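Below you'll find the structure, written out as structure tokens, and then a few comments.
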Amino acid sequence: SAVISQKPSRDICQRGTSLTIQCQVDSQVTMMFWYRQQPGQSLTLIATANQGSEATYESGFVIDKFPISRPNLTFSTLTVSNMSPEDSSIYLCSLRTGPTGGFFGPGTRLTVL
Amino acid sequence: GQNIDQPTEMTATEGAIVQINCTYQTSGFNGLFWYQQHAGEAPTFLSYNVLDGLEEKGRFSSFLSRSKGYSYLLLKELQMKDSASYLCAVTNYNTDKLIFGTGTRLQVFP
């Protein structure tokens with residue numbers, strides 16, 4: 001199994017500012033995924049982050065709002081830009097390990113005032 | 001596109017059996033996952049089905065019918081600690097990403 005850590009674990013931010021969330025994995029993985037989980041909701045995929053190429057965004061998510069970096073096979077960042085209260089969510093990074101399932105980081109709980 | 005539906009909430013009694021259903025519509029289906037998520041925690045993997053039939057793992061079993069686009073998670077001998085959200089997710093041949101259903105919040109009462 002993989003160990004995934006995220007920083008920060010939580011933050012309270014003012015609207016109009018940006019927050020960068022870091023995701024570190026203890027092993028090399030090709031693809032990492034970023035999800036959002038709004039209060040009381042299920043997980044929504046934001047984008048797939050491949051090392052060495054641009055992230056692939058899902059419908060409804062754009063690079064200007066959620067820029068992603070993937071500098072190496074163990075690390076990724078997601079930035080939530082120009083935040084509004086609607087961005088208040090838990091943001092989780094994830095990796096897949098084939099049929100044995102997927103692993104999730106502990107999540108970053110973001111509150112935008 | 002993909003459409004994955006689950007009941008929003010369910011309740012059950014300690015010691016009972018509960019079945020949580022998941023229906024899906026997706027192209028290039030390549031497997032269905034079930035996750036458990038306790039409040040304030042990340043989801044944890046429960047089961048994976050890619051072929052039709054029942055997969056049993058202790059108190060938890062998962063069933064898949066590909067022709068019907070249907071799966072269920074069966075929880076036996078319910079315990080209070082089983083109170084959580086249960087998420088089904090599907091993946092397809094072209095990508096390795098998981099697309100999640102709406103999630104089912106299960107409450108177990110004594």
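Just so we're clear, the structure is a prediction, and the values are computed from it rather than from any experiment. We name chains A, B, ... by the order of the sequence lines, and we start the count at 1 in each one.
Each of B/Gly31, B/Ala89, B/Ala42, B/Pro43 has some count of heavy-atom pairs under 4.5 Å with chain A, and the biggest count is that of B/Pro43.
Heavy atoms closer than 4.5 Å to chain B are found in both the backbone and the side chain of A/Leu43. Only the side chain of B/Gln37 comes within contact range of chain A, judged by heavy atoms closer than 4.5 Å. Only the side chain of B/Thr91 comes within contact range of chain A, with at least one heavy atom under 4.5 Å from a heavy atom of that chain.
For B/Phe33 and B/Phe100, the distance between ring centers is not under 6.0 angstrom. Residues B/Phe45 and A/Phe104 keep their aromatic ring centres 6.0 Å or farther apart.
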Counting only pairs under 3.5 Å, give me each side-chain donor-acceptor contact of residues 2-10 of chain A, with atom names and distances, residues two or more places apart or in other chains.
| residue | atom | partner | partner atom | Å |
| --- | --- | --- | --- | --- |
| A/Gln6 | OE1 | A/Cys93 | N | 3.1 |
| A/Gln6 | OE1 | A/Gly107 | N | 3.1 |
| A/Gln6 | NE2 | A/Tyr91 | O | 3.0 |
| A/Gln6 | NE2 | A/Thr108 | OG1 | 3.2 |

Give the table of side-chain donor-acceptor pairs shorter than 3.5 Å for residues 44-54 of chain A, with sequence neighbours excluded, one pair per line with atom names and distance.
none

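Residues of residues 101-110 of chain B placed with any heavy atom under 4.5 Å of a heavy atom in chain A are listed by number as B/Gly101, B/Thr102, B/Gly103, B/Arg105.
The pair A/Asp87-A/Lys65 meets the salt-bridge criterion, with a side-chain N (NZ, NE, NH1 or NH2) lying under 4.0 Å from an Asp/Glu carboxylate O.
Legend: residues meeting salt bridge (Lys or Arg N to Asp or Glu O under 4.0 Å) with B/Lys76, ordered by chain and number and at least two apart, are B/Glu56.
Note that the CD atom of B/Glu77 and the CG atom of B/Asp82 stand 10.0 Å from one another [nearest 0.5 Å].
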Given the rule in the side chain to side chain contact (heavy atoms under 4.5 Å, CB included) test, do A/Thr74 and A/Val29 qualify, once you have shown the distances and angles that lead to the verdict? CA-CA 6 Å; A/Thr74 63; A/Val29 294; over 6 Å; no

